[in-house]
Every structure is written in structure tokens, then in C-alpha cells.
Amino acid sequence: MKIGTDIIQINRIEKSLKRYGNKFKQRFLSTSEIDIAHRIETIAGFWAAKEAIAKALGCGIGKDLSFHDIVIAKDNKGAPCFNLTKEAQKLHRIKASSLSISHDGGFAIAVVVIEQ
Ligand SMILES: CC(C)(COP(=O)(O)OP(=O)(O)OC[C@H]1O[C@@H](n2cnc3c(N)ncnc32)[C@H](O)[C@@H]1OP(=O)(O)O)[C@@H](O)C(=O)NCCC(=O)NCCS
């Protein structure tokens, strides 16, 4: 089992959104993620989640794992989960995972546990 965590100031995401608009979202979110991330704190949570996943996998965001290799979704109660794209899954071979996101006081935080 590997654990990963990340925290981000929500106003950093807000500034980038104001400056670059949809281009900024598209840089790290897929269409399905953009469809479910309506609030800035949710978008910040998704950013933190992807960084946390990259830490748990021990590679960081880079050549072995891009933001677009990770796809976050929500279950019918609103709980987040994620999948890797087929290509990334071939490399990282995740068997099971659990993702939790929270935001308060201007910060978004994500914690992930991954079994490979
Ligand atoms: C889920 C819940 C506890 C969130 O607590 P909160 O203090 O209001 O908000 P937080 O900032 O800590 O967390 C919000 C994040 O929790 C996650 N979340 C939402 N529903 C969730 C759920 N059912 N289970 C796990 N995580 C959930 C989401 O990622 C959400 O952020 P996002 O919508 O921006 O992506 C609260 O909304 C709640 O009680 N919901 C209804 C009951 C429920 O489904 N409970 C199950 C979990 S105990």
C-alpha cells in the first residue's frame, strides 16, 4: 500500500482560472472532469488529488504520469474516485485505491491510498 497527499491554496487555482480560463482547466482536467467540477474548490481538490496520486505512485507528474493519465469521477453520493487511462494503467498496475478530498479555510487537500 502507498499513501499520497497534497494541499493547495484555492486562490492559486482561482488566479490561474482568471488569467487562462478554460485553457487552464484543459491543461489538467479531462472533459468528464470539467463536467463535474463546477466550483473553484472542487477544481482545486482535483488538482490536489492528481498530485497526491502522483506521489503515491512514486513518480510525480512527468513523463511516467501526466495529469491526463488520471481521470477523477464521483459516485452517486458525491464521493471521489479515480481511474488511470489504459496506457498509464499498464505502467502503474493499480489493483485498488481510495481517494478523499476536503476543502476549508482557503485550502483544498487530498489523500489517496493505492495498492499495486
Ligand atoms: C460528505 C460530507 C461529509 C463532506 O463534508 P464537508 O465538511 O461538508 O466538506 P469537505 O470540504 O470536508 O469535503 C467535500 C468533499 O468531500 C467529497 N465528498 C462528497 N460527498 C462524499 C461522500 N459521500 N463520501 C466521501 N467523500 C465525499 C467531495 O470530494 C467533496 O468535494 P467536492 O464536491 O468539491 O469534490 C458531507 O457533504 C455530507 O455529510 N454529505 C452527505 C452525507 C454522506 O453522503 N455522507 C457519506 C460520507 S461520511
Side-chain angles (χ1 to χ4, degrees):
M1 299 271 253
K2 289 282 173 65
I3 189 167
T5 184
D6 191 64
I7 183 167
I8 184 163
Q9 266 182 304
I10 294 168
N11 73 5
R12 277 185 57 201
I13 295 291
E14 194 168 15
K15 276 186 197 156
S16 296
L17 276 172
K18 278 194 181 137
R19 185 177 293 182
Y20 304 109
N22 278 342
K23 278 211 171 134
F24 172 67
K25 279 194 210 172
Q26 287 158 1
R27 227 192 85 207
F28 76 99
L29 296 176
S30 64
T31 317
S32 65
E33 293 168 325
I34 290 172
D35 284 347
I36 57 171
H38 304 297
R39 298 180 303 155
I40 289 167
E41 47 268 54
T42 301
I43 294 169
F46 282 18
W47 176 284
K50 292 191 181 201
E51 295 274 355
I53 291 161
K55 286 183 191 175
L57 290 174
C59 57
I61 297 288
K63 80 172 170 45
D64 288 341
L65 187 74
S66 76
F67 282 119
H68 289 281
D69 285 330
I70 304 164
V71 182
I72 299 168
K74 299 270 191 97
D75 73 11
N76 59 2
K77 286 184 176 168
C81 58
F82 73 96
N83 281 302
L84 297 187
T85 56
K86 257 190 192 162
E87 282 307 305
Q89 177 60 13
K90 269 187 211 161
L91 185 65
H92 297 289
R93 299 184 180 279
I94 292 179
K95 275 195 203 152
S97 65
S98 183
L99 171 64
S100 184
I101 296 173
S102 185
H103 29 68
D104 195 16
F107 291 89
I109 186 169
V111 175
V112 66
V113 175
I114 292 178
E115 185 189 347
Q116 284 174 296

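Each ligand, and each atom within it, is numbered from 1 in the order the structure gives.
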Exercise. Between Ile72 and Ile36, what is the shortest heavy-atom contact and its length?
Worked result: O-CD1, 4.0 Å
Exercise. Around Asp104, counting heavy atoms of other residues, nucleotides and ligands shown, do more than 12 lie under 6.0 Å from its CG?
Worked result: no
Exercise. Applying salt bridge (Lys or Arg N to Asp or Glu O under 4.0 Å), which residue pairs with at least one partner in residues 34-46 are found, sequence neighbours left out?
Worked result: Arg39-Glu41
For this session: Could you name each residue pair satisfying salt bridge (Lys or Arg N to Asp or Glu O under 4.0 Å) that touches residues 61-73, not counting sequence neighbours?
Result: none
Exercise. What residues come within 4.0 Å of ligand 1, counting heavy atoms only?
Worked result: Arg39, Thr42, Lys74, Lys77, Gly78, Ala79, Pro80, Ile101, Ser102, His103
Problem set entry | Listed partners of Asn22 passing side chain to side chain contact (heavy atoms under 4.5 Å, CB included), at least two apart | Lys25, Gln26
Exercise. In terms of side-chain geometry, is the basic nitrogen of Lys74 or Glu33 positioned less than 4.0 Å from the acidic oxygen of its partner?
Worked result: no
